[in-house]
There are 2 protein chains.
Amino acid sequence: MPKPVQVSLVGGDHGPWNVESLVAVAGPGLKDVARVDMVEGPWPFGLGGIWLLRGVTSNDRYVERRERDALTASQAPLGRPEATAAALIAITKSQEWWDLAQDERRAILEDRSHHIAVGLEYLPAIARRLAHGRDRQEEFDFLTWFEFAPSNAGAFDELLARLRATEEWSYVEREVEIRLAR
Amino acid sequence: MPKPVQVSLVGGDHGPWNVESLVAVAGPGLKDVARVDMVEGPWPFGLGGIWLLRGVTSNDRYVERRERDALTASQAPLGRPEATAAALIAITKSQEWWDLAQDERRAILEDRSHHIAVGLEYLPAIARRLAHGRDRQEEFDFLTWFEFAPSNAGAFDELLARLRATEEWSYVEREVEIRLAR
């Protein structure tokens, strides 16, 4: 697990990713843009855009050792040549979620919603990276970036639908889904 | 549990807290200063200092419901008139700590080191506030600010000694202790 890395995502008119759709699933959306760029580290000064979303990769909050081992054994990195489809799911959870104690959040996230186990079923086809925004007081609590081959778009849709049907998702008060291709 | 609040601590020549001692317990210390000021929110532009430490209050990472209820029932707020003694314990944990899975960190922190249970024994005499710096890529992973009546300084020393003797503390790679009075 590397040190925290800042992830900056800019919507505008540059970057390798063409926006195919941008949907406000819950709460306020984001302005429509043509392209999205993603960089590690602070956003380069002087490079413009319509919106800027930031987060930081961080330590696991819920994943236990046996789950980590299973994830590590199966997961794929970003940047695979065949993974020309991507999605950004930006989420903010409710104050009620954050008011829960650690064991209560774990019970909802995994024991009852199977978030980790469900995600594992889609590895290695769906690669992903989670960035946290809440402790940085950013616009979204979580930015999850997914990459997959276009032939796995249906599997990704299924993954999203399964997660959105969970008890955990009842604590999502804002969600924006952006689908992209390069 | 309120929304995250940024906490800024400045060492310099102003603020209500006189520095009585500043000790590098592990790793690099901080420059000696005469006074410390603490503000919520960003540090006011133009107000100088020798060093600036920042963090953010956040959700519980390890505390379970029964522990939260016990803490809530016993804890005291900052700013009590009689609490004219304070301490700042600034800590960074090792990469090895952050590489552990959630259940492994919980097992060390509470099951084997009793961090939460030990802290509870010193409530309400020792009031405290924890700010997180790691996800903000700040100088320290944790800034914990303690306030107590001078008559409880011995109890605070005991609390510190007990925590430092734990397995959890073997993962502390940098620690600075600042004792203060107003």
Side-chain angles (χ1 to χ4, degrees), chain A residues 1-8 40-42 54-73 92-111 115-116 130-143 171 173-174, chain B residues 1-8 40-42 54-73 92-111 115-116 130-143 171 173-174:
Chain A
M1 182 150 300
K3 280 181 178 285
V5 173
Q6 193 181 337
V7 177
S8 298
E40 297 187 353
R54 288 179 297 199
V56 66
T57 62
S58 189
N59 57 292
D60 292 333
R61 300 297 209 267
Y62 303 103
V63 170
E64 300 186 349
R65 168 53 58 187
R66 67 197 153 76
E67 294 160 343
R68 170 92 68 82
D69 290 344
L71 291 167
T72 302
T92 293
K93 285 181 173 169
S94 65
Q95 187 63 42
E96 187 188 0
W97 171 262
W98 296 111
D99 285 345
L100 295 172
Q102 178 68 26
D103 56 333
E104 295 170 319
R105 278 180 277 106
R106 162 78 197 185
I108 294 167
L109 185 134
E110 189 56 20
D111 303 346
H115 187 140
I116 298 164
L130 171 63
H132 298 255
R134 185 170 166 85
D135 275 9
R136 296 179 81 116
Q137 299 169 296
E138 292 288 352
E139 186 168 353
F140 289 94
D141 291 344
F142 304 102
L143 304 173
Y171 294 91
E173 65 174 25
R174 186 178 179 197
Chain B
M1 184 150 299
K3 280 182 178 286
V5 173
Q6 192 182 339
V7 177
S8 299
E40 296 186 354
R54 288 178 297 198
V56 67
T57 62
S58 188
N59 58 291
D60 293 333
R61 301 295 208 267
Y62 303 103
V63 170
E64 300 185 349
R65 169 52 58 188
R66 67 199 151 74
E67 295 160 342
R68 168 91 70 80
D69 290 344
L71 291 167
T72 303
T92 293
K93 285 181 173 169
S94 65
Q95 187 63 41
E96 187 188 359
W97 172 262
W98 295 111
D99 284 346
L100 295 172
Q102 178 69 24
D103 56 334
E104 295 170 319
R105 279 180 277 106
R106 162 76 197 186
I108 294 168
L109 185 134
E110 189 56 20
D111 303 347
H115 187 140
I116 298 163
L130 171 62
H132 298 255
R134 185 169 167 85
D135 274 8
R136 297 179 81 114
Q137 299 169 296
E138 292 288 351
E139 185 167 354
F140 289 94
D141 290 344
F142 304 102
L143 305 172
Y171 294 90
E173 66 175 24
R174 185 177 180 198

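Order of the sequence lines fixes the chain letters, A, B, ..., with proteins taken first and strands second; residue numbering starts at 1 for each chain. Side chains are part of it too, since the values below use all heavy atoms of this structure and drop only hydrogens, waters and symmetry mates.
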Q. So, Arg136(B) versus Gln137(A): side-chain donor-acceptor pair below 3.5 Å or not?
A. yes
Q: Give, as side chain, backbone, both or neither, the part of Val56(A) having an atom under 4.5 angstrom from any heavy atom of chain B.
A: side chain
Q: For the pair Asn59(B) (side chain) and Asp99(A) (backbone), establish whether a donor and an acceptor sit closer than 3.5 Å, ignoring hydrogens and angles.
A: no
**Q.** Winner by heavy-atom pair count (cut-off under 4.5 Å) against chain A, out of Arg66(B), His132(B), Arg65(B), Gln6(B)
**A.** Arg65(B)
Q: Run through Arg54(B), Arg134(B), Arg61(B) and flag the one making a salt bridge (charged side-chain N to carboxylate O under 4.0 Å, His left out) with Asp135(A).
A: Arg61(B)
Q) About how many Å separate CG of Leu100(B) and CD of Glu64(A), when rounded to the nearest 0.5 Å? A) 13.0 Å
